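Following: one structure in structure tokens, then a few remarks.
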Amino acid sequence: DPKHIYIADFVEDENQEDCFYGYFFDALNRKIYEYAFEGEKTTFREVDMAALTMQDTFSIKVLHLLV
């Protein structure tokens with residue numbers, strides 16, 4: 001359900017290569033996913049929240065608030 005999804009990070013296409021990356025948080029299931037849009041290819045993969053660092057996403061500081 002979209003009301004439980006929070007976009008955590010979004011990296012724009014700075015090099016005009018039609019590529020976008022980031023993370024989104026599924027608050028209902030307490031899971032975080034990495035997404036990538038690379039031209040026509042779209043990928044999503046679940047990420048271990050405990051393994052994320054501030055280098056990956058600043059959102060890890062506030063994910064506990066998104067319930």
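Because the structure is a prediction, the values reported are computed rather than measured.
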All N/O donor-acceptor pairs, side-chain side in residues 40-53, below 3.5 Å, sequence neighbours left out:
from : atom 1 : to  : atom 2 : distance (Å)
R45  : NE     : E34 : OE1    : 2.8
R45  : NH2    : E34 : OE1    : 3.2
D48  : OD1    : A50 : N      : 3.1
T53  : OG1    : Q55 : N      : 3.2
T53  : OG1    : D56 : OD2    : 3.3

field: Side-chain touch F25/H4, heavy atoms, less than 4.5 angstrom
entry: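 Side chain of F25 against side chain of H4, heavy atoms only: no contact under 4.5 Å found.
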field: Closest non-hydrogen atom pair, I5 against F24
entry: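 Distance-wise, the nearest heavy atoms are CG2-CD1, 3.8 Å.
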message: As an exercise, state the distance from CG of D26 to OH of Y33, rounded to the nearest 0.5 Å.
response: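 If we round to the nearest 0.5 Å, D26:CG and Y33:OH are 5.5 Å apart.
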query: Taking the six-membered ring for Trp, are the ring centroids of Y35 and F37 within less than 6.0 Å of each other?
result: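 Yes - the distance between ring centres of Y35 and F37 falls below the 6.0 Å cut-off.
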